[in-house]
Student: 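Below are the structure tokens for one structure; questions will follow.
Convention: sequence-line order gives letters A, B, ...; per-chain numbering from 1.
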Amino acid sequence: MRIATWNVNSIRQRLDHAVRWLGETRPDVVCIQEIKCQTEAFPKEAFEALGYNVTVHGQKGFNGVALLSRLPLEDVTHGLAGDDGDEQARFIEAVVSVKSGVVRVACIYLPNGNPPDTEKYPYKLGFMERLSAFAAERLKLEEPLVLAGDFNVIPEPRDAADPAAWTGDALFLPRTRQAFRSLVNLGFTDALRATSDAGRLFTFWDYQAGAWQRDNGIRIDHLLLSPQAADRLIATGVDKHVRAWEKPSDHVPVWADFSIAA
DNA sequence: ATGTCAGCATCGTGCTGA
């Protein structure tokens, strides 16, 4: 079973890329972030035609997430618990049934948090706290669980081509990285780091200043695995070639393969 | 430090968010 995550930066602008990429890699479950449209405007049929079940949590203009799965999506929840006043569409949780039991997946678009001296940064930290509370509860189930998405967190200096350039940025502030470590330390495995010692393992390159051409990237799209998922992890990959397609997203797909039979 | 992109309100272009 392959589980992937991709921040597409507008699904309507990226539909051709999404269809092309799905045809190439045939993932079983896909977490999509930044669809930038309302639920009704999501091109659901294009994915259903490729054999996917689809659930969408959209909003007008910004944010928005979707979850695709070849197997039926069960127990779908839109929105992260812990703040009834949170209007931003950034979270979907669902379960798929497999031969060995279930696999639980959460699709996450964590807030960017910049600039840090505004209300945006406490919102980010609050979201991370709510995510940790959610994760701690779900770990008690002792299921294969994958938290996948755009975390907007650069975990360590080696996750940036030029870490000094990110000093003071909400993606790299010590407080941000501490909150990310607290989440991981609940018992999660960072799938990419568990399977690769490669340097320059980036998932995002800014549109500006020739960041892609200079390989001035960062690693902010992650798959965090519960122990039961980590024990079945076989391999991971970053579909970097997608960033070279015409009119690309600034993020590329990241995936993990598991020895779990559908 | 920097050379961008997308959606929106509104119909040419500035604002927001990333």
Side-chain angles (χ1 to χ4, degrees), chain A residues 5-21 31-44 46 56-66 80 85-91 107-128 131 148-155 159-173 175-177 179-180 202-222 238-254:
Chain A
T5 177
W6 189 12
N7 178 323
V8 295
N9 186 16
S10 168
I11 193 61
R12 287 177 292 186
Q13 294 297 322
R14 227 63 64 196
L15 183 56
D16 291 350
H17 284 203
V19 169
R20 181 175 169 189
W21 171 73
C31 299
I32 300 178
Q33 302 87 36
E34 272 207 275
I35 63 171
K36 288 187 170 178
C37 65
Q38 289 174 306
T39 300
E40 313 75 59
F42 188 90
K44 219 175 169 183
V56 181
H57 183 31
Q59 79 177 82
K60 193 175 182 177
F62 303 102
N63 307 321
V65 284
L80 178 60
D86 187 358
E87 301 288 333
Q88 301 191 25
R90 298 179 171 278
F91 181 92
C107 172
I108 293 153
Y109 179 43
L110 213 141
N112 177 296
N114 281 306
D117 61 350
T118 66
E119 74 292 341
K120 290 171 188 290
Y121 192 58
Y123 173 66
K124 177 179 192 151
L125 293 177
F127 190 96
M128 294 181 84
L131 182 59
D150 175 1
F151 282 72
N152 270 312
V153 175
I154 302 166
D159 295 312
D162 181 12
W166 295 90
T167 305
D169 191 285
L171 278 62
F172 194 56
L173 280 171
R175 185 69 191 83
T176 303
R177 292 158 58 194
F180 185 76
F202 307 133
T203 66
F204 167 95
W205 295 260
D206 200 281
Y207 287 123
Q208 297 187 66
W212 167 247
Q213 288 75 12
R214 295 161 190 246
D215 193 27
N216 182 15
I218 53 176
R219 189 175 75 96
I220 56 176
D221 299 273
H222 307 298
V238 179
D239 288 337
K240 192 173 171 180
H241 66 287
V242 170
R243 187 65 175 76
W245 290 353
E246 197 178 342
K247 289 184 70 64
S249 169
D250 38 9
H251 297 250
V252 296
V254 184

Student: Within less than 4.0 Å of OP1 or OP2 of B:dG3, is there a side-chain N or O belonging to A:Gln213?
Tutor: no

Student: Taking only the side-chain heavy atoms of A:Glu34 (C-beta and beyond), determine which of B:dA18, B:dG17, B:dC5 contains the nearest atom.
Tutor: B:dA18

Student: Mark yes or no for a side-chain to base donor-acceptor pair under 3.5 Å between A:Arg214 and B:dG3, with no hydrogen or angle criteria applied.
Tutor: yes

Student: Return the value, rounded to whole Å, for the distance between atom NZ of A:Lys36 and atom P of B:dC5.
Tutor: 12 Å

Student: With a cut-off of less than 4.0 Å, is there a side-chain N or O of A:Lys124 near OP1 or OP2 of B:dA18?
Tutor: no

Student: If you compare every side-chain N and O of A:Ser10 against the phosphate oxygens of B:dC5 (OP1, OP2), does one of them come in below 4.0 Å?
Tutor: no

Student: More 5' along DNA chain B: A:Asp206 or A:Asn112, using each one's nearest nucleotide?
Tutor: A:Asp206

Student: Tell me whether the side-chain N/O atoms of A:Arg14 come closer than 4.0 Å to OP1 or OP2 in B:dA6.
Tutor: yes

Student: What's the gap between B:dC15 and B:dC11 when it is taken at their C1' atoms, as a whole Å value?
Tutor: 16 Å

Student: Can you tell me the distance, in whole Å, between the CG atom of A:Asn216 and the P atom of B:dT4?
Tutor: 15 Å

Student: Applying a 4.0 Å non-hydrogen cut-off, can you work out what A:Tyr109 is touching in the nucleic acid: base, sugar-phosphate, or nothing?
Tutor: sugar-phosphate

Student: Verify the contact: side-chain N or O of A:Lys120 to OP1 or OP2 of B:dG17, cut-off strictly under 4.0 Å; return yes or no.
Tutor: yes

Student: Under 4.0 Å, counting only non-hydrogen atoms across every strand here, what does A:Gln13 touch: a base, just sugar-phosphate, or nothing?
Tutor: sugar-phosphate

Student: State whether A:Phe204 and A:Arg219 meet the cation-pi test: NZ (Lys) or CZ (Arg) under 6.0 Å from the six-membered ring centroid, and within 45° of the perpendicular axis.
Tutor: no

Student: Which residue in the set A:Leu171, A:Asn7, A:Leu110, A:Val153 passes side-chain contact (heavy atoms from CB on, under 4.5 Å) when paired with A:Ile220?
Tutor: A:Leu171

Student: Does the A:Arg14 side chain pair with the main chain of A:Asn9, one donor and one acceptor, at a distance under 3.5 Å?
Tutor: yes

Student: What is the distance from NZ of A:Lys60 to P of B:dG17, rounded to the nearest Å?
Tutor: 15 Å

Student: Let me know, please, whether A:Gln88 or A:Gln59 comes out on the 5' side of the other along DNA chain B by nearest nucleotide.
Tutor: A:Gln59

Student: Do A:Trp21 and A:Trp6 have ring centroids that are under 6.0 Å from one another?
Tutor: yes

Student: Evaluate the side-chain proximity of A:Cys107 to A:His57: yes if any heavy-atom separation is below 4.5 Å, no if none is.
Tutor: no

Student: Return the value, rounded to whole Å, for the distance between atom CZ of A:Phe151 and atom C1' of B:dA18.
Tutor: 18 Å

Student: Is the phosphate of B:dC5, meaning OP1 or OP2, less than 4.0 Å from a side-chain N or O of A:Arg12?
Tutor: no

